[in-house]
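See structure below.
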Amino acid sequence: MTAFPAEILAVLGDWRFYAAALVTALAGLMRGYSGFGTAVLLAPAYSVLWGPRIGIPVMLLMELAVSLQLLPKAFGDANRRVILPIGAAACLATPVGAFILLTADQDLLRRSIGAFVLVFGLLLLSGWRYNGSRPLPLNIGVGTLAGLLKGATGMSGPPVILYLLAGPEAAKQHRANLILFFATISVISVIPPAIGGLMGWVVFAKAMLLLPVLLCCVPIGARLFHVVPDRWYRRAALVFLVITGTVTLLV
């Protein structure tokens with residue numbers, strides 16, 4: 001029996017896979033509905049289940065697939081003047097952040113991810129947003145911070161989400177902006193872990209088994225965007241973010 005089928009059987013025989021599948025389904029619904037949610041839910045959950053050096057590469061592969069799935073419909077609706085500079089800066093900074101993933105203590109990194117998600121969820125629940133203008137230097141600064149976080153933790157979204165959601169755009173364009181940003185950075189984000197030797201058979205087996213769950217749930221979430229009132233969804237999603245961050249920080 002070759003290595004890859006053996007890894008698949010090992011994953012299917014582990015209870016952690018089924019816990020990961022449940023969180024993956026919730027992340028897919030959230031991503032399809034709002035345009036974000038994959039990394040901020042899956043990075044802490046997978047890090048608790050498998051450790052950051054396995055969990056984050058698995059999440060990055062899945063993020064790449066779902067970003068490409070959503071991109072065609074969102075590209076025309078996004079504010080490319082704002083998003084493309086943010087995405088370009090994030091792509092340049094991601095390899096620098098990846099050095100942290102490759103060298104940091106894994107328990108400390110997992111707890112840092114949990115603390116970051118918890119603070120992000122509380123900020124969103126509080127209603128705080130950036131309310132200033134969006135000049136090019138600030139766009140580049142936000143993108144650089146997002147890239148550093150993407151490389152280190154797999155999560156580029158929090159600074160970009162807080163920055164973009166305060167804008168005057170309608171919900172449809174907010175969603176398209178986030179989808180375009182995540183698609184821009186998702187391609188570059190898988191390269192440093194691959195070069196660093198983190199993309200092994202274990203990672204590919206987990207990603208291959210969990211990806212269908214994510215890809216099936218994203219379209220369902222996208223349909224819910226036209227049915228479920230935003231205030232209901234947002235409240236439930238943010239409470240789940242806070243719970244996820246707290247569990248990751250304390251476990």
Side-chain angles (χ1 to χ4, degrees), residues 20 27 36-68 83-121 123 136-164 178 180-207 210 241 244-245 248-249 251:
F36 71 92
T38 311
V40 292
L41 288 180
L42 297 187
Y46 288 1
S47 294
V48 168
L49 293 171
W50 299 313
R53 288 184 186 163
I54 292 179
I56 291 175
V58 171
M59 184 277 298
L60 291 175
L61 288 173
M62 295 171 64
E63 175 80 8
L64 173 62
V66 75
S67 294
L68 297 178
I83 299 303
L84 293 180
I86 295 175
C91 288
L92 291 174
T94 295
V96 180
F99 178 76
I100 299 173
L101 173 63
L102 295 170
T103 59
D105 175 79
Q106 294 300 282
D107 187 60
L108 176 61
L109 183 57
R110 176 181 57 78
R111 293 182 187 278
S112 298
I113 291 171
F116 192 63
V117 171
L118 176 59
V119 171
F120 173 58
L123 281 173
L136 180 60
L138 186 55
N139 291 341
I140 293 173
V142 170
T144 300
L145 175 60
L148 292 173
L149 289 170
K150 185 70 172 181
T153 69
M155 297 181 296
S156 59
V160 175
I161 292 164
L162 291 171
Y163 182 55
L164 293 178
L178 292 171
L180 178 57
F181 168 74
F182 289 126
T184 302
I185 197 174
S186 62
V187 175
I188 194 71
S189 65
V190 300
I191 297 175
I195 293 174
L198 300 185
M199 294 290 188
W201 289 123
V202 174
V203 168
F204 282 112
K206 288 176 168 60
L210 290 169
L241 272 184
T244 301
T248 307
L249 178 62
V251 169

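Nearest heavy-atom pair, Pro95 versus Pro192, reported as atom, atom and distance to 0.1 Å: CA-CG, 3.9 Å. Residues Met199 and Val190 come closest through the heavy atom pair CE-O, 3.8 Å. The shortest heavy-atom contact between Ala104 and Arg53 is O-NH2, 3.1 Å. Considering every non-hydrogen atom in both Gly151 and Leu101, the closest pair reads O-CB, 3.5 Å. Contact detail for Leu41 and Ala27: the closest heavy-atom pair is CD1-CA, 3.7 Å. For Pro193 against Pro57, the heavy-atom pair with the smallest separation is CB-CG, 4.4 Å.
Tyr46 places a side-chain heavy atom less than 4.5 Å from the side chain of Leu210. Between Thr38 and Val66 there is a side-chain heavy-atom pair separated by less than 4.5 Å. Between Tyr163 and Leu138, some side-chain heavy-atom pair lies under the 4.5 Å cut-off. Using a 4.5 Å cut-off on side-chain heavy atoms (C-beta onward), Phe181 and Leu84 make no contact. Residues Val40 and Phe120 meet the side-chain proximity criterion, which asks for heavy atoms closer than 4.5 Å.
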Give every donor-acceptor pair under 3.5 Å between a side-chain atom in residues 154-162 and any protein atom, sequence neighbours left out.
none

Which pairs of donor and acceptor atoms, one on a side chain in residues 141-148, lie under 3.5 Å apart (sequence neighbours left out)?
from: Thr144; atom 1: OG1; to: Ile140; atom 2: O; distance (Å): 2.8

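Here the straight-line distance linking atom CD1 of Ile100 with atom CG of Asp105 works out to 13.0 Å at 0.5 Å rounding. For the atom pair CD1 (Ile195) and CG (Leu102), the distance works out to 9.5 Å, reported to the nearest 0.5 Å. Atoms CG and CD1, from Leu64 and Ile185 in turn, are 12.0 Å apart once rounded to the nearest 0.5 Å. Rounding to the nearest 0.5 Å gives a distance of 6.5 Å between OG of Ser186 and CD of Glu63. Separating the CG atom in Leu118 from the CG atom in Leu123 is a distance of 9.5 Å, to the nearest 0.5 Å. Atoms CG and CE, from Leu42 and Met62 in turn, are 6.0 Å apart once rounded to the nearest 0.5 Å.
Partner Ser47 forms a side-chain contact (heavy atoms from CB on, under 4.5 Å) with one of Thr153, Asp107, Ile56, Leu109 and no other, that one being Ile56.
Scored by the side-chain hydrogen bond (donor to acceptor under 3.5 Å, both in side chains) test, Thr184 finds no partners at all (sequence neighbours excluded).
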>> Go through it in stages, so that I can follow the logic: the residues are Val202 and Ile54, the test is side-chain contact (heavy atoms from CB on, under 4.5 Å), and I'd like the CA-CA distance, side-chain angles, deciding distance and then a yes or no.
In response: CA-CA 8 Å; Val202 174; Ile54 292 179; 4.2 Å; yes

